[in-house]
Amino acid sequence: MPLHDSAAVAASGVPDASGHFGPYGGRFVAETLMAPLAELEAAWRRYLPDSEFQRELRDELRDFVGRPTPLYLAARWSRSLGGARIYLKREDLSHTGAHKINNTVGQALLAVRMGKRRIIAETGAGQHGVACAATAARHGLPCVVYMGEEDTRRQAPNVSRMRLLGAEIVTVNSGSRTLKDALNEALRDWVANVDETFYIIGSVAGPHPYPALVRDLQTVIGREAREQCLERLGRLPHALVACVGGGSNAIGLFHPFLEDRDVALYGVEAGGLGLDSGRHAAPLNSGAPGVLHGARSYLMSDADGQVLPTHSISAGLDYPGVGPEHAWLKDRCRVHYDVVEDAEAVEAFHALSRNEGILPALESSHALAYAARLARELGPEGIILVNLSGRGDKDLQNVLEAQAVPGAAA
Ligand SMILES: *Cc1c(COP(=O)(O)O)cnc(C)c1O
């Protein structure tokens, strides 16, 4: 199936030529980044629709990533909830354990086409860093990964994985020492080394064309899921659920369904310790429009426009911004954005592990928890599809710590 299938293009109609999704998106960067972004945009426009590029990408996704990922009926878990049937799109079975690699293999192919011989990346949960490191190794390209100090501690196994894959890890000690600070450092590196360097952004955030480029590479999730549903169930689900950090696994699943008005779309942000506590990472639910990392979108900021610190039990959702296309989908009410708190996500982690023999990523556990709520609402006739964005092996330490806190887990 072509990447730019007509349905997807019709559904988006965005971004416009200047990279705007309605009032969101755009390119708010230093002058020094304008030329490299224009060069990247030209490559995106030229190569993504190109049949030779697509053939190569399809081969990479099949042989290196392991696509298509299965559609799995979580039968025991669904029964235990007493409601709708819940299907899982098994991105956790992708090479390196999450959806992130769909994007890195595509951007790496662009890097090769553009003659860039060095890869840099930022990472939060470490999943994007691992995916970049693996992809760079596979192409014989050196790879530097920027990671906040706080995240290197929370995600130590992924730091080891990246090093074993040959990547150099640069620990970032500025700010809150998490993903947003790593992103700033990676942008700085790019400005300094732009001639030979390709910057692989890990989500649908950042300046144009990244939100559109990453989306195009992640829609393989939704295109496969749509086909699998029609083939296996003879119909589309009533609802799709995905967690939203930057928003790439969610937009990748949702995008091919945007024109299917009967399919309800739910994006789940990290409610952390509760919206009232201020300790969360839910810009769409409690933030306001502003500019962060080169694009206009919802973000968590105070009255003076200062970016607020965030909290989530899952490093991959611990980000104060969100991709601009989600901001636009929120304003147009096509996707409903809600929150799930840490404790409820941990509860869903345990429920899926015990009932299905699958350890989900804590990020994905937010989507699972929300699906459990929906399943009870929809009743036994309902069909829900959840994007299981990644596997939970990286999160074992956090889950064990959460259990040690009285009342934190059911
Ligand atoms: C990085 C990550 C996320 C969050 O990123 P999105 O761009 O919002 O998809 C979600 N789940 C997993 C497993 C991740 O690694």
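FYI, the numbering just counts along the sequence from 1. Just so you know, ligand 1 is whichever comes first in the structure, and atom 1 is the first atom listed for that ligand.
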Atom 6 (P) of ligand 1: the protein heavy-atom neighbour that sits closest, reported with distance to 0.1 Å: S248 N, 3.3 Å
E91 touching ligand 1 at heavy-atom level, < 4.0 angstrom: no
Ligand-side contact atoms (ligand 1) for residue partner S203, heavy atom cut-off under 4.0 Å: 6 (P), 7 (O)
Enumerated ligand 1 atoms positioned under 4.0 Å from heavy atoms of C243: 10 (C)
Close N or O approach (S389, ligand 1; < 3.5 Å): yes
G202 N/O to ligand 1 N/O under 3.5 Å: no
Those atoms of ligand 1 less than 4.0 Å from some heavy atom in Q127: 15 (O)
For G390, the ligand 1 atoms whose distance to one of its heavy atoms is below 4.0 Å: 13 (C)
Polar contact flag, side-chain donor to acceptor under 3.5 angstrom, S248-H99: yes
L317, any N or O under 3.5 Å of ligand 1 N or O: no
Donor + acceptor pair across side chains of R90, T69 (<3.5 Å): no
Where ligand 1 meets A361 - atom numbers and elements under 4.0 angstrom, heavy-atom basis: 13 (C)
Atom indices of ligand 1 within 4.0 angstrom of N249 heavy atoms, with elements: 6 (P), 8 (O), 9 (O), 10 (C)
Side-chain donor-acceptor pair present, D331, Y298, cut-off under 3.5 Å: yes
Shortest protein heavy-atom distance from atom 4 (C) of ligand 1, along with the residue and atom involved: G316 O, 3.4 Å
Distance-only polar pair, side chains of R67 and N102, donor-acceptor under 3.5 Å: yes
Output field: ring centroids Y319/H293 closer than 6.0 Å: yes
Test salt bridge (Lys or Arg N to Asp or Glu O under 4.0 Å) applied to R334 and E325, step by step: CA-CA 11 Å; R334 178 60 186 102; E325 192 165 6; over 6 Å; no
Within 6.0 Å of CZ in R62, more than 12 heavy atoms from elsewhere: yes
R118 and D189 ion-paired at < 4.0 Å: yes
Enumerated ligand 1 atoms positioned under 4.0 Å from heavy atoms of G245: 8 (O)
D262, CG: over 12 other non-hydrogen atoms inside 6.0 angstrom: no
Plane angle bin for Y266 and Y370 - parallel if under 30°, tilted between 30 and 60°, otherwise perpendicular: tilted
Shortest protein heavy-atom distance from atom 1 (C) of ligand 1, along with the residue and atom involved: K100 NZ, 1.4 Å
G246 N/O to ligand 1 N/O under 3.5 Å: yes
N or O pair under 3.5 Å between E363 and ligand 1: no
